2 protein chains.
Amino acid sequence: MVRYKFLRDHGCDRKYFATMNTAGAVTTAHVLVVDDDREIRDLLGRFLTKHGYRVTAAQDGKDMHRALADWHIDLVILDLMLPGEDGLSLCRDLRAKSQIPVIMLTMMGEETDRIIGLEMGADDYLPKPFSPRELLARMKAVLRRAQCAPAVQAKSGRKVLSFSSWRLDLGLRRLESPQRLIVDLSAGEFDLLVALAEHPQRVLSRDQLLDLTHGRAEAPFDRSIDMQVSRLRHKIETNPKEPELIKTVRGGGYVFTAVVTHDETADT
Amino acid sequence: MVRYKFLRDHGCDRKYFATMNTAGAVTTAHVLVVDDDREIRDLLGRFLTKHGYRVTAAQDGKDMHRALADWHIDLVILDLMLPGEDGLSLCRDLRAKSQIPVIMLTMMGEETDRIIGLEMGADDYLPKPFSPRELLARMKAVLRRAQCAPAVQAKSGRKVLSFSSWRLDLGLRRLESPQRLIVDLSAGEFDLLVALAEHPQRVLSRDQLLDLTHGRAEAPFDRSIDMQVSRLRHKIETNPKEPELIKTVRGGGYVFTAVVTHDETADT
DNA sequence: TCGGGCTTGTGACAGTCCGTTACCAAATGC
DNA sequence: GCATTTGGTAACGGACTGTCACAAGCCCGA
């Protein structure tokens, strides 16, 4: 659900609120959109709100500074072309005073614009027109870099994945068997199981699994995932010779076959 | 090498094939181009084929749906302006039913078009005329994003196909005989059976089956599908010499004759 | 600092899967 | 009826996978 609220004192400034999702205490990143085109502001506002961000909009430099004074802003999305003070100089200002990450919106990908934008201290730039997904991806990347990753982390409760009576506690990094016994997994085995259980019913290539667990790409003749899978199977499959949970797809990779549910144990 | 092939049943539908590139197991993405302008279809077909994509072309919504039913499509390039059903509603349809990424082609950057397109769920859009390089770049980006998308298996339950007392569990990747015995299928056999059972009472060419199971095109003198069918028949037909479930259509391919129902077992 | 236990990657080997080739039978064309 | 095309499948070999054995790290306490 999205709720709009007009801030009377800020003229055309419009504020969007994201509803809290699931866990109460999620801290969503607060994004400031600076663009003189009202349509873009609206569009971005609705779009980002829908994706769980808090959004404030400003139409020029003055508005922007006011918003920065009034709110705690995690990220600024700044149009290069603005009436009055130019986006570039605003960006330089911002960078001089604070460390708030900035994404610049520029017209059509002229190499020069990008270079200038980045030299002014923008953390990323996006040529208009851009795809919303790309914007999201870049925002996430920038926020991650800024150590301010939106949400997830800060759940008060613990994240637990359940599948066919097993419980995989991501917070405690612990696996409970259907018999409620704690299964002793190594770090690597645990990571692999998480990677699999977070993408159930989906064939994951060795390359993807390596990326998910180690953040690296597959080397030629790399058998490490095979070994890890083999070891994991011996710990969680009833009959490792005929695996039920982790199936092999020849030439493809592995599939986690169980239905996985995401629980949020309230606490402790 | 590029080979063209005219699909007789699809009127002006033309199919382009890319040869495998270097690494054997690489499955090239299959792109569906939907545009009423034949020249554009041809141009894009040749261009994308040259760059290693498999391309199928459709001239309107009807063609598009047929192609989607017949092939495994990784990406749709969709013209905004189409005769009959409009590109926008097609896009909405697509998004409602599947997660196939969509790139929209629009006439010169009309803001409104872009906004509407993106709100309809397109993953990216490209104003005509566009540079081929830009198209390639955006395709790559969209495909990359789609690959690591969580797939959101949607239903929490598991997908099961039933046909004449057999049960084919797609999540568990398991086949149960009418006698409730688990039939031991190899990964390839399983994939083939899924491809067939998902298109019952429909003649599937070897090429289509290869596309659906391996995401690759048929090579000259390719008998692999025949072999796989033969092996599968021996496991699921009462009398493999006179197959009931998988019938041969001489000069056409194979048909899965049984009536298939889609169940969604609630869970576990 | 050293050494032992644990974890993880590599090489090797065996077992399995699957594509190719080849040959034959069935279907089709003439 | 004969030639030609198409499909079924046995057989073979290459490619892929499971896993044993071992080595290289890593952690930790003495």
Side-chain angles (χ1 to χ4, degrees), chain A residues 173 175 183-193 195-196 203-207 209-237 239-255, chain B residues 19-20 22-27 173 175 183-193 195-196 203-207 209-237 239-255:
Chain A
R173 292 185 65 83
L175 177 66
V183 179
D184 195 27
L185 294 183
S186 77
E189 289 157 0
F190 185 88
D191 290 341
L192 176 62
L193 184 53
L196 287 166
V203 181
L204 295 173
S205 69
R206 281 156 237 274
D207 197 32
L209 287 169
L210 265 173
D211 189 40
L212 289 167
T213 54
H214 293 68
R216 70 170 166 90
E218 195 183 14
F221 308 111
D222 199 327
R223 306 299 310 282
S224 53
I225 286 295
D226 300 56
M227 270 316 297
Q228 210 67 292
V229 166
S230 173
R231 283 167 181 144
L232 188 52
R233 276 177 176 161
H234 280 273
K235 293 191 180 178
I236 66 173
E237 297 279 3
N239 174 11
K241 291 279 178 190
E242 293 202 354
E244 289 294 319
L245 286 171
I246 306 175
K247 293 217 170 159
T248 304
V249 177
R250 168 169 266 253
Y254 298 93
V255 197
Chain B
T19 50
M20 276 303 176
T22 56
V26 171
T27 56
R173 295 184 64 85
L175 176 67
V183 180
D184 195 27
L185 294 183
S186 76
E189 289 157 359
F190 183 87
D191 290 340
L192 176 62
L193 184 53
L196 287 165
V203 181
L204 294 173
S205 69
R206 281 155 238 273
D207 193 33
L209 287 169
L210 266 172
D211 184 43
L212 290 167
T213 55
H214 293 70
R216 61 165 238 239
E218 195 183 13
F221 310 111
D222 199 327
R223 306 297 308 281
S224 54
I225 286 295
D226 300 57
M227 274 312 301
Q228 208 66 291
V229 166
S230 172
R231 284 169 179 143
L232 187 53
R233 277 176 175 161
H234 280 273
K235 293 192 180 177
I236 66 172
E237 298 280 5
N239 174 12
K241 291 281 177 189
E242 296 207 349
E244 289 294 319
L245 287 172
I246 306 174
K247 295 222 165 150
T248 304
V249 177
R250 192 182 173 82
Y254 297 93
V255 199

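Hydrogens, waters and symmetry mates are skipped; everything else that's a heavy atom, side chains included, is used. Chain A is the first sequence line, chain B the second, and so forth, proteins listed ahead of strands; every chain is numbered from 1. Remember, it's a predicted structure, so these values are computed and weren't measured experimentally.
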Please list, chain by chain and in numerical order, all residues satisfying salt bridge (charged side-chain N to carboxylate O under 4.0 Å, His left out) with [X], sequence neighbours excluded.
{"X": "A:E244", "result": "B:R174"}
{"X": "A:D222", "result": "A:R216"}
{"X": "A:R231", "result": "none"}
{"X": "A:R250", "result": "none"}

Measure [atom1]/[X] against [atom2]/[N] and give the value in whole Å, please.
{"X": "A:H234", "N": "C:dT7", "atom1": "NE2", "atom2": "C1'", "result": "16 Å"}
{"X": "A:L204", "N": "D:dT17", "atom1": "CG", "atom2": "P", "result": "14 Å"}
{"X": "B:L185", "N": "C:dC18", "atom1": "CG", "atom2": "P", "result": "10 Å"}
{"X": "A:L193", "N": "C:dT8", "atom1": "CG", "atom2": "P", "result": "13 Å"}
{"X": "B:L232", "N": "D:dT9", "atom1": "CG", "atom2": "C1'", "result": "14 Å"}
{"X": "B:K235", "N": "D:dG8", "atom1": "NZ", "atom2": "P", "result": "18 Å"}
{"X": "A:E237", "N": "D:dT19", "atom1": "CD", "atom2": "P", "result": "10 Å"}
{"X": "A:R173", "N": "C:dT7", "atom1": "CZ", "atom2": "P", "result": "13 Å"}

* Verify the neighbour count for atom CD of A:E242: are there more than 12 heavy atoms of other residues, nucleotides or ligands below 6.0 Å? =>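 Incorrect, the count does not exceed 12.
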* What residues, two or more places apart in sequence or in another chain, satisfy side chain to side chain donor-acceptor pair (under 3.5 Å) together with A:K235? ->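 A:K235 satisfies side chain to side chain donor-acceptor pair (under 3.5 Å) with A:E189 only.
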* Pairing residues for B:R233 by the side chain to side chain donor-acceptor pair (under 3.5 Å) criterion, not counting sequence neighbours ->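 Checked B:R233 against side chain to side chain donor-acceptor pair (under 3.5 Å); matches are B:T248.
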* Asked: Using the C1' atoms of the five pairs at each end, what is the angle between the end axes of the helix from C:dT1-D:dA30 to C:dC30-D:dG1, to 10°?
  ->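 Angle reported: 30°, given to the nearest ten degrees.
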* Please report the closest heavy-atom contact between B:V203 and B:G253, naming both atoms and the distance. =>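 Shortest heavy-atom separation between B:V203 and B:G253 comes out as CG1-N, 4.2 Å.
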* Reading nucleotides 9-16 of chain C from the 5' end, what letters show protein touch, with B for base, S for backbone sugar-phosphate only, - for no heavy atom under 4.0 Å? -> BB-B---B
* **Residues forming a side-chain contact (heavy atoms from CB on, under 4.5 Å) with A:R223, sequence neighbours excluded** =>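 A:R223 satisfies side-chain contact (heavy atoms from CB on, under 4.5 Å) with A:D226 only.
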* To do: Please list, chain by chain and in numerical order, all residues satisfying side-chain contact (heavy atoms from CB on, under 4.5 Å) with A:D184, sequence neighbours excluded.
  =>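 None.
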* Asked: Run the side-chain contact (heavy atoms from CB on, under 4.5 Å) check on A:D211 and A:D207 step by step: do they pass?
  -> CA-CA 6 Å; A:D211 189 40; A:D207 197 32; 5.7 Å; no
If the cut-off is 4.0 Å, is [X] near the phosphate of [N], judged by side-chain N/O to OP1 or OP2?
{"X": "B:S186", "N": "C:dC18", "value": "yes"}
{"X": "A:Y254", "N": "D:dC16", "value": "no"}
{"X": "B:R206", "N": "D:dT6", "value": "no"}

* Which of residues 239-248 of chain B sit near DNA chain C, with a heavy atom under 4.0 Å from it? ->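 When residues 239-248 of chain B is checked for heavy atoms under 4.0 Å from DNA chain C, there are no hits whatsoever.
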